[in-house]
Structure formats: structure tokens, C-alpha cells
Amino acid sequence: MNQSQFDQLVEEICAVTVTDPQTPLVDLGVDSLQTIALVMAVEEQYGIEIDPEVLADPALTSSAGLLRSVQDRLAAALPARAGS
């Protein structure tokens, strides 16, 4: 998934417009309930689990940061899936 596709998911789930993927979600008006809904949607779509601690890291609270976290989690899961 690329950044624009991920931004579309953020926009769909959180009812906001992502003009800059580096903008913190809270600055776009995303509240805590929308953040939880977004995390749940991402987890379901990608079959991964996102540690809530991730969202405490200011570098990951933007659309771009969250996508990086998802990509890292997916990359880390690949060898485990291939070996099982």
C-alpha cells in the first residue's frame, strides 16, 4: 500500500482530509475514538497488531508515521510467516 492509499483509509475512517501525510492526526481533528477506529481498521486490513504504545510516539502520529509503523510490522512478520 502506498501513502496516498493509506491517506484514503485515514480519510475514510476518520472523516478528515489528509493534505500533508506528515501532519499529526490530532492536528487534522482526529480524536481518540477515531484513532481507535483507525487502528482497528488497519489491524483488520493488514492482519497485524499495532501496539498502542506506538501511538504515544509523536513521530508516528501522522498518516506517514503510522504507515511506516505498519510497513515495519509487516516486514517483521514476513520471515515468521515464511518459516511456519
Original post:
Going through the checks in order, is the side chain to side chain contact (heavy atoms under 4.5 Å, CB included) test met by Gln3 and Leu67?
Top reply: CA-CA 7 Å; Gln3 186 65 56; Leu67 177 58; 3.4 Å; yes

**OP:** Walk me through it: do Met40 and Ile13 pass the test side chain to side chain contact (heavy atoms under 4.5 Å, CB included)?
**Re:** CA-CA 10 Å; Met40 289 173 56; Ile13 301 297; over 6 Å; no

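Looking only at distances, a side-chain donor or acceptor of Gln5 sits under 3.5 Å from a matching main-chain atom of Asn2. A donor-acceptor pair is defined here as one N or O able to donate and one able to accept, closer than 3.5 Å; such a pair exists between the side chain of Gln34 and the backbone of Asp31. Although no hydrogens or angles enter the test, the distance criterion places a donor-acceptor pair under 3.5 Å between the side chain of Glu11 and the main chain of Val18.
Under the 4.5 Å side-chain contact rule for hydrophobic residues, Leu74 and Val10 share a cluster. Hydrophobic clustering, with ILVMFWY side chains joined whenever heavy atoms are under 4.5 angstrom apart, keeps Ile36 apart from Val42.
Within a 6.0 Å sphere centred on CD of Gln22, other residues, nucleotides and ligands contribute more than 12 heavy atoms.
With sequence neighbours excluded, the residues satisfying side chain to side chain contact (heavy atoms under 4.5 Å, CB included) with Glu49 are Glu43.
Considering Thr61, Val16, Leu38 in turn, Leu38 is the only one that fulfils the side-chain contact (heavy atoms from CB on, under 4.5 Å) rule with Leu25.
Remark: Asp7 CG to Cys14 SG distance equals 11.0 Å, nearest 0.5 Å. Between the CG atom in Leu9 and the OG atom in Ser4 there is a gap of 12.0 Å [rounded to 0.5 Å].
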